[in-house]
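When a ligand or atom number is given, it counts from 1 through the structure's own listing order. Quick note: numbers below take in every heavy atom, side chains included, and nothing from hydrogens, waters or symmetry partners.
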Amino acid sequence: MVRVRFAPSPTGALHIGGARTALYNWLFARHHHGKFILRIEDTDRERSTIESNQAIFQGLEWLGLDWDEGPNVGGCFGPYYQTERLDIHQKHAERLVKEGKAYYCFCTAEELKQKRAAAEARKEAPRYDGHCRKLTEAEIKEKLASGTPKVVRFLLPPVGEAVVEDQIRGKVVFKNEVLDDFVILKSDGFPTYNFACVMDDHLMEITHVIRGDDHLSNTPRQILLYEAFGWPPPIFAHIPMILGKDKARLSKRHGATSVIDYSTIGYLPEAMLNYIAKLGWGHKDQEIFSRAELIELFSLEGVNKSAAVFDLDKLNWLNGQYIRQILPERLFDLCEPLLIQAYGTHDLAYMKKVVGVLHDRLVLIPDIVPLSAYFFKDDFEYDAKGVEKHFKTPHAKKILETLMDRLSKLAPFNKEQIEPVFKGLATELNVKLGIIIHPCRLALSGHLETPPMYDVVEILGKERVGQRLVKALAFI
Ligand code: GLU
């Protein structure tokens, strides 16, 4: 049974990188009919917040990444908040001390700082010098009895190397000499990330650890801990990082980084999900994947070895594609509050028609506001180029006058009736249909481009069309 986890630290919102890690784990679990576990790594007491925790839930929920075990849903391997597992971590740290695989360190922060500075002066990488390894039983007893602050350090095996057989990166070898006796339990009794992660992954029976490759350098320490406990390590898969278009690591500078911001900006969750899936994974040259297809096709073999580049143009393109596919009712629900806010209108039937005719033109949901402005406001300006091209022609005045007259007599005022008016006039004047349509479009919308003219005329309605033609004629 595949068991994977997403283990965010609640120190900020769910950003794109985290969402991708969550998604790949979720897809892997769903593909293999396994379990997707959410574990909140909240041991950094200063930086962890309830708001961030909520933001992570919100981001995952928006993307539809449901967890089988974790906060709010429970499970047999809880608790799923790391801070509720401190007794487990402490017990296991003690076990390593008893077995001689870890030891108490009483060095003060000041002493460690001096040692670090000395190492830096020698141009050496700062490593703990093993001072407290050499303490005698009596010395340790005395310090413990007097309550001297202490940490627990892992006793690094003297020789050897830690080998990470990574599913994406291949074999990565870390010589033990680049490591040191790292802290596993801090002086406040809280575990360090590497230690808690190993405990929890093991006890939660995690089979595959899929995470960002910023954690690759932690993996040798984790493997050494698995070895010390005599536990088999999980399979590791480190996914390459995400860069901005400028090839720098994706950050706030590149725009919104939190997933939920994308919902506010007007992206659809399914477009976002598709886009995030493609950030570092692919299947042939397919661009659009349904959720079911992603589950069916996702594999770690399909994950790229090189960094992914976040391309907003591509995301926008995808969002436009997805908007085209959604049902008119859903699009309307998304647009309605924006239109009410922008134009103070409450004419539902009218708004529905407007959204319907603009459906295929939206890239982002809020595009509905500028694109539909002329449907709601009469005081628009005429496109300057359009005025030259379509109003200042010998026929323009006559065309608009005739249209005004004939359209005013139509009943019912619908596309079927409207179309012959335009076509008839073109035939009478022996001109191309465009010669009739262009000045009318400019008169009714101020723009050179709109949805099909007969739709626009019908939606605006007889009265508005009449008023706008009068206004345009006065302008010409
Ligand atoms: N809490 C760690 C993070 O958010 C988890 C890393 C891991 O998946 O092991 O980066």
Gap between atom CZ of R361 and atom CG of D367 - 0.5 Å precision: 12.5 Å
Does anything in residues 264-277 form a side chain to side chain donor-acceptor pair (under 3.5 Å)? List the pairs, not counting sequence neighbours. Y267-N316, E270-R330, N274-Y322
Does the pair E287/K314 count as a salt bridge with the N-to-O cut at 4.0 Å? yes
Can you produce the list of protein nitrogen or oxygen atoms under 3.5 Å from a nitrogen or oxygen of ligand 1, alongside each distance?
{"from": "ligand 1", "atom 1": "1 (N)", "to": "A7", "atom 2": "O", "distance (Å)": "2.8"}
{"from": "ligand 1", "atom 1": "1 (N)", "to": "S9", "atom 2": "OG", "distance (Å)": "2.9"}
{"from": "ligand 1", "atom 1": "1 (N)", "to": "E41", "atom 2": "OE1", "distance (Å)": "2.6"}
{"from": "ligand 1", "atom 1": "4 (O)", "to": "S9", "atom 2": "N", "distance (Å)": "3.4"}
{"from": "ligand 1", "atom 1": "4 (O)", "to": "S9", "atom 2": "OG", "distance (Å)": "3.4"}
{"from": "ligand 1", "atom 1": "8 (O)", "to": "R5", "atom 2": "NH1", "distance (Å)": "2.7"}
{"from": "ligand 1", "atom 1": "8 (O)", "to": "R5", "atom 2": "NH2", "distance (Å)": "3.4"}
{"from": "ligand 1", "atom 1": "9 (O)", "to": "R5", "atom 2": "NH2", "distance (Å)": "2.9"}
{"from": "ligand 1", "atom 1": "9 (O)", "to": "Y193", "atom 2": "OH", "distance (Å)": "2.6"}
{"from": "ligand 1", "atom 1": "9 (O)", "to": "R211", "atom 2": "NH1", "distance (Å)": "2.8"}
{"from": "ligand 1", "atom 1": "10 (O)", "to": "H215", "atom 2": "NE2", "distance (Å)": "2.7"}

Spacing of CZ belonging to R20 relative to CE belonging to M241, to within rounding of 0.5 Å: 10.5 Å
Presence of salt bridge, R30 and D66, under 4.0 angstrom: yes
How long is the straight-line distance from OH of Y343 back to CG of L338, given to the nearest 0.5 Å? 10.0 Å
